[in-house]
Asks: 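Below is a structure I'd like to ask you about.
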Amino acid sequence: MKGLDNNMDEVFFDYYEGNLSENEKTELFSLLDDNPSLHHDFMLWKNAYVHEPLPPIGAMERSLIKHEKWSFTAKTYAALGIAACAGIMVLFWLITAERKLDQKSNVLNTPIKENNEPAVSDFSQSTNKVILKKNITRPTNKNQLPSVKENFQPRVSSIDTVTARLDMVKEKNSDIVSDVSIDTFNIDTEPLQLEENVIENMTQQAMPLSKKELKKIQKAKERAKIRRQEQEFLKGDQPYVVPIDPNRF
Amino acid sequence: MIDTKEYNNAVREYTRNLFRYVFKSLRDEEASNDIVQDCFLKLWNEKEKVNNLKIKYWLFATAHNTMINYLKKSSKMVSIDSVLYDEPHANSKSDFDVKEILEKSLDTLPTIQKTIILLRDLEGYNYQEIGEILSLSEAQVKVYLFRGRQKIKDLLKHLHAVL
């Protein structure tokens, strides 16, 4: 440390700035011990430093913050993710479609087993199955009717038989053409006549009617009966009589 | 180039430091707020040009230049007489406060010396970093710093002698 007496300000400055070595510091402190008058200047140099705490966080700081948008890399990653998902879905769809195609081709490629026997037996081909009305269980007396009504099941009124042609190809033999009968069942859900009477009796029991109402019902029934007869007549079950045109004469 | 995240980090990290530095220099809260906001606005506008490793230097250099322009416009220069002798409570020993005297002494310094002292004391920058901010050499920074501190010390010594 050269010229300490003349450049004490520089020495003090360097001390507080941390520019002095350990030896220079020791030399400085021994000098201060020897010269107490320098203490005042030494302390004044110490007071020449500014100390100020940071201000608290204000509204300005919050207002300056920018809301982060998706960066280019984030957008790229998102696009890649979506593309990957779409690719996986397409791949999955292709695999399933391929499996279905394989299954179909397996079925098509499977050789047909040779079988000399006809697919439909002669007995079944030649037999027309007809279920007659007499075979259907019907109530024979009134006592059976309520149980029939409770356990009502559709009755098979008739069975129509349709005969179809079945072409069977055989490798060795010539073509065989067979007739196949197919039964179609007609379901009759309308109540039988005996059942109608029972239902009528049951409704009468449930709701007692006056004589006038009974007469009305009777008349309505008669009208319905006449109408039914007319319809049957029009169907051709009875001989049709050409009405005489009164304007002709 | 800096992105939004780095910008927000800079806001969180340096806003208060920047405000303290500007406010210490200007003693005007409103003007200090304006300058700090102006600095960050410039940072955002020039985010593609600013090196992300030197955001702090860039901010303080911008604040310094903006401050100089502000002072030039407002001619807000404080004379030593108004600081030391016109203040009523400076005459009373009971009101004597080293911190207050120090702040007023700072106001008497030339802007460059004051700026260097504030950057050194408040932000802890070394001579090289201060030189980068203010476009000065290390030797110049050291000389300005020494002269500024010496002036403050002399003013403090003078006040002690008066009081």
Side-chain angles (χ1 to χ4, degrees), chain A residues 1-21 24-25 28 31-32 35-78, chain B residues 3-21 23-24 29 32-34 36-37 39-41 43-44 47 98-99 101-103 105-106 109 114 117-123 126-127 142-143 145-161:
Chain A
M1 216 182 292
K2 294 176 182 178
L4 269 179
D5 295 335
N6 298 328
N7 300 313
M8 280 315 295
D9 280 345
E10 281 184 32
V11 175
F12 291 152
F13 171 77
D14 281 333
Y15 172 76
Y16 283 113
E17 287 293 313
N19 297 333
L20 291 184
S21 64
E24 285 172 332
K25 280 182 191 175
L28 172 66
L31 187 70
L32 285 171
N35 301 289
S37 61
L38 292 173
H39 270 281
H40 185 61
D41 273 13
F42 187 69
M43 291 311 293
L44 284 174
W45 270 100
K46 188 182 179 183
N47 288 334
Y49 279 79
V50 182
H51 302 283
E52 182 76 21
L54 278 174
I57 296 170
M60 182 176 63
E61 189 174 324
R62 286 188 286 273
S63 70
L64 287 169
I65 295 282
K66 302 277 183 191
H67 294 293
E68 287 186 44
K69 293 176 182 175
W70 280 37
S71 64
F72 177 75
T73 49
K75 282 177 187 172
T76 310
Y77 282 128
Chain B
D3 57 16
T4 311
K5 194 177 177 183
E6 285 169 332
Y7 168 83
N8 285 338
N9 285 339
V11 169
R12 289 188 195 100
E13 243 178 282
Y14 306 132
T15 304
R16 292 189 294 158
N17 298 53
L18 210 59
F19 177 80
R20 180 176 65 175
Y21 165 66
F23 182 71
K24 271 282 177 191
E29 190 175 346
S32 305
N33 271 327
D34 289 345
V36 171
Q37 284 184 343
C39 286
F40 279 104
L41 186 67
L43 178 68
W44 181 252
K47 60 184 178 181
V98 175
K99 191 184 171 189
I101 299 300
L102 177 66
E103 285 179 358
S105 306
L106 266 176
L109 296 178
K114 185 179 173 180
I117 288 173
L118 290 175
L119 288 173
R120 176 75 177 152
D121 292 355
L122 299 180
E123 303 306 324
N126 59 31
Y127 301 153
K142 191 176 178 183
V143 168
L145 189 65
F146 173 71
R147 285 179 188 167
R149 287 209 197 285
Q150 197 175 28
K151 276 183 189 174
I152 292 171
K153 192 267 298 181
D154 289 343
L155 284 169
L156 289 170
K157 192 175 184 179
H158 177 72
L159 276 173
H160 273 277

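Please read all numbers here as calculations on a predicted model, not as lab measurements. Chain naming here is simple, since letters A, B, ... match the order of the sequence lines and numbering starts at 1 in each.
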Asks: OH of A/Tyr77: more than 12 outside heavy atoms within 6.0 angstrom?
Replies: no
Asks: Examine whether an atom of B/Tyr127 lies under 4.5 Å from a heavy atom of chain A, and if so say whether it belongs to the side chain, the backbone or both; otherwise answer neither.
Replies: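 Contact with chain A involves the side chain of B/Tyr127 alone.
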Asks: Checking B/Lys142 against A/Glu17 for the salt bridge (Lys or Arg N to Asp or Glu O under 4.0 Å) test, could you report, in this order, the C-alpha distance in whole Å, the side-chain angles of both residues, the deciding distance, and whether it holds?
Replies: CA-CA 10 Å; B/Lys142 191 176 178 183; A/Glu17 287 293 313; over 6 Å; no
Asks: Which bit of B/Phe146 is near chain A, if near means a heavy-atom gap under 4.5 Å: side chain, backbone, both or neither?
Replies: both
Asks: Highest number of heavy-atom pairs under 4.5 Å with chain B: which of A/Asp14, A/Asp41, A/Leu44?
Replies: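 With the most close heavy-atom pairs to chain B, the winner is A/Leu44.
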Asks: Who are the side chain to side chain contact (heavy atoms under 4.5 Å, CB included) partners of A/Ser37, not counting sequence neighbours?
Replies: A/Asn35
Asks: Would you mind checking which part of B/Asp3 comes under 4.5 Å of any heavy atom in chain A, side chain (CB onward), backbone (N, CA, C, O), both or neither?
Replies: neither
Asks: Examine whether an atom of B/Leu41 lies under 4.5 Å from a heavy atom of chain A, and if so say whether it belongs to the side chain, the backbone or both; otherwise answer neither.
Replies: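 Neither the backbone nor the side chain of B/Leu41 comes within 4.5 Å of chain A.
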Asks: Taking ring-ring contact (aromatic ring centres under 6.0 Å, His included) as the definition, give me every residue that meets it alongside A/His39, ordered by chain and number, with sequence neighbours left out.
Replies: none
Asks: Answer with side chain, backbone, both or neither: which region of B/Lys24 has an atom nearer than 4.5 Å to a non-hydrogen atom of chain A?
Replies: side chain
Asks: Donor-acceptor pair, A/Tyr15 side chain versus A/Phe42 backbone, under 3.5 Å?
Replies: no
